[in-house]
Amino acid sequence: MPAYAFLPGGHLPGGAPTKFSLSIAEAQGLEVSDLAAGAAVSSDSFSVTTKEEIDAAAAEAERAAWEAELASRGTGEYAIVAQQAEGDDYPWWYETPDDYGGGLSPLRYYYRECVDFVAWRLNRDAGVTGAPWKWDWSNLASGSAWMWADEWAAKGWPSSSEPVVGAVAWFPYNHVAYVQSVNGDGTVTIEEYNWNSDHSYHVRTIPVGEALYLYPPA
């Protein structure tokens with residue numbers, strides 16, 4: 001039932017001055033009982049999934065997939081490495097990198113790439129600092145850091161979300177580094193070459209969860 005009325009055309013029949021008239025307008029009066037104020041009000045309800053909830057669900061799914069991946073990896077033996085002092089001991093720090101026409105190091109990776117530095121460290125930790133090398137491109141992993149995690153798994157070498165000193169910190173953006181120390185505050189200190197594509201030595205401290213840790217092969 002309408003609670004208002006209007007005059008079609010804006011004037012009364014016969015040209016009389018415009019003046020609201022309930023009878024001419026055929027409007028109806030409406031009285032609301034005081035009881036209406038106490039009546040229960042009902043309305044439809046609905047829920048909306050927020051962006052935060054969608055992001056949280058996606059993060060949980062990613063975490064579950066990551067844990068399943070770690071569970072599928074090997075748990076074999078790995079080399080136990082004692083922590084050593086930080087420092088750029090990479091022997092070919094002065095060589096021309098591939099970006100400027102440089103060639104391959106004795107480890108058969110391009111000079112001053114992240115993979116060559118890590119391969120050097122794995123040799124050093126195995127007590128090998130000259131030819132014949134224990135680890136090089138032929139028996140370690142490819143020249144693409146992005147492939148190292150899969151190649152570790154293919155060889156049955158263990159990897160984990162838990163770091164150990166001497167492990168390879170693997171990042172899904174095509175980079176590897178060397179774990180120098182595991183700290184007591186949920187971080188690890190890593191050493192690396194060619195972070196930010198500068199072919200230089202760096203030391204960084206990162207949260208443990210930023211990397212997958214490829215344990216040093218025995």
Side-chain angles (χ1 to χ4, degrees), residues 73-74 77-155 157-183 187-218:
R73 293 183 178 272
E77 293 184 355
Y78 61 93
I80 305 299
V81 180
Q83 184 171 328
Q84 302 187 42
E86 294 177 4
D88 185 5
D89 60 356
Y90 177 66
W92 307 295
W93 59 270
Y94 56 88
E95 293 286 354
T96 303
D98 178 52
D99 291 359
Y100 300 96
L104 299 177
S105 82
L107 305 179
R108 300 169 66 187
Y109 298 102
Y110 284 112
Y111 285 119
R112 295 166 62 183
E113 293 287 340
C114 62
V115 289
D116 199 49
F117 173 73
V118 170
W120 153 254
R121 279 296 177 85
L122 293 176
N123 276 287
R124 183 204 68 178
D125 289 351
V128 179
T129 56
W133 301 97
K134 180 174 183 178
W135 304 112
D136 66 11
W137 172 86
S138 67
N139 63 357
L140 186 60
S142 73
S144 170
W146 186 80
M147 297 294 296
W148 277 40
D150 287 340
E151 293 185 36
W152 237 253
K155 290 179 170 68
W157 295 344
S159 59
S160 173
S161 58
E162 297 296 327
V164 296
V165 172
V168 180
W170 178 85
F171 302 89
Y173 49 81
N174 196 25
H175 185 62
V176 289
Y178 175 87
V179 176
Q180 163 62 30
S181 64
V182 180
N183 309 317
T187 65
V188 294
T189 299
I190 59 174
E191 295 176 273
E192 62 202 333
Y193 253 72
N194 203 32
W195 184 52
N196 290 335
S197 301
D198 63 0
H199 298 98
S200 298
Y201 171 78
H202 297 274
V203 179
R204 287 190 291 152
T205 298
I206 63 171
V208 166
E210 281 195 7
L212 173 68
Y213 300 98
L214 315 179
Y215 288 1

Is there a donor-acceptor pair under 3.5 Å between the side chain of Arg121 and the backbone N or O of Gly166?
no
Check the pair Trp157, Trp135 against ring pair (Phe, Tyr, Trp, His ring centres under 6.0 Å), reporting the backbone distance first and the verdict last.
CA-CA 14 Å; Trp157 295 344; Trp135 304 112; 5.5 Å; yes
Shortest non-hydrogen pair, Ser142 vs Tyr109, comes out as O-CE2, 3.4 Å
Once you round to the nearest 0.5 Å, how far does CD of Glu210 lie from OG of Ser161?
14.0 Å
Distance (rounded to the nearest 0.5 Å) between Ser200 OG and Trp93 CH2
10.5 Å
Considering residues, nucleotides and ligands other than Trp137, do more than 12 of their heavy atoms fall under 6.0 Å from its CH2?
no
Can any side-chain N or O of Glu191 pair as donor or acceptor with the backbone N or O of Gly87 at less than 3.5 Å?
yes
Closest approach of Glu86 and Val203, non-hydrogen atoms and distance?
OE1-CG1, 3.8 Å
Quick one: list whatever passes side chain to side chain donor-acceptor pair (under 3.5 Å) with Tyr90, sequence neighbours left out.
Asp116
Euclidean distance, Leu104 CG relative to Tyr111 OH, rounded to 0.5 Å
8.0 Å
Contact list for residues 159-175, test salt bridge (Lys or Arg N to Asp or Glu O under 4.0 Å), sequence neighbours left out
none
Going by atom type alone, with no hydrogens or angles, which donor-acceptor pairs under 3.5 Å involve a side-chain atom of residues 124-131 and a protein atom two or more places apart or on another chain?
from   : atom 1 : to     : atom 2 : distance (Å)
Arg124 : NH1    : Asp89  : OD2    : 2.8
Arg124 : NH2    : Tyr178 : OH     : 3.2
Asp125 : OD1    : Gln84  : NE2    : 3.2
Asp125 : OD1    : Tyr178 : OH     : 3.4
Asp125 : OD2    : Tyr178 : OH     : 2.6

Tell me the closest heavy-atom pair linking Gln83 and Gln180, and the distance in Å.
CG-O, 3.4 Å
Just how far is it from atom SG of Cys114 to atom CG of Asn174, taken to the nearest 0.5 Å?
6.5 Å
Euclidean distance, Asp98 CG relative to Tyr110 OH, rounded to 0.5 Å
4.5 Å
Please give me the minimum heavy-atom distance between Tyr213 and Ala167, naming the atom from each residue.
CB-CB, 4.3 Å
Using side-chain heavy atoms (C-beta onward) and a distance below 4.5 Å, is Trp92 in contact with Leu107?
yes
Please identify each residue that fulfils side-chain contact (heavy atoms from CB on, under 4.5 Å) with Thr96, with sequence neighbours left out.
Tyr100
So do the side chains of His202 and Asn196 get within less than 4.5 Å of each other, counting heavy atoms only?
no
Residues at least two apart in sequence or cross-chain that pass salt bridge (Lys or Arg N to Asp or Glu O under 4.0 Å) with Arg108, listed by chain then number, are none
Asn183 and Thr189: side-chain contact (heavy atoms from CB on, under 4.5 Å), yes or no, with the steps?
CA-CA 7 Å; Asn183 309 317; Thr189 299; 3.3 Å; yes
Exercise: identify the closest heavy-atom pair between Ser160 and Tyr215:
CB-OH, 3.2 Å
How close do Pro217 and Ala79 get, counting heavy atoms only, and between which atoms?
O-CB, 3.6 Å
Of Val176, Ile190, Leu212, the one forming a side chain to side chain contact (heavy atoms under 4.5 Å, CB included) with Phe171 is Ile190
Is there a side-chain contact between Val182 and Val165, using heavy atoms and a 4.5 Å cut-off?
yes
Approximate separation, where rounding is to 0.5 Å, of Tyr173 OH and Trp146 CH2
15.5 Å
In a check of side chain to side chain contact (heavy atoms under 4.5 Å, CB included) between Leu140 and each of Val118, Val115, Leu122, which one passes?
Leu122
Report the residues that fulfil ring pair (Phe, Tyr, Trp, His ring centres under 6.0 Å) with Phe117, sequence neighbours left out, ordered by chain and then residue number.
Tyr193
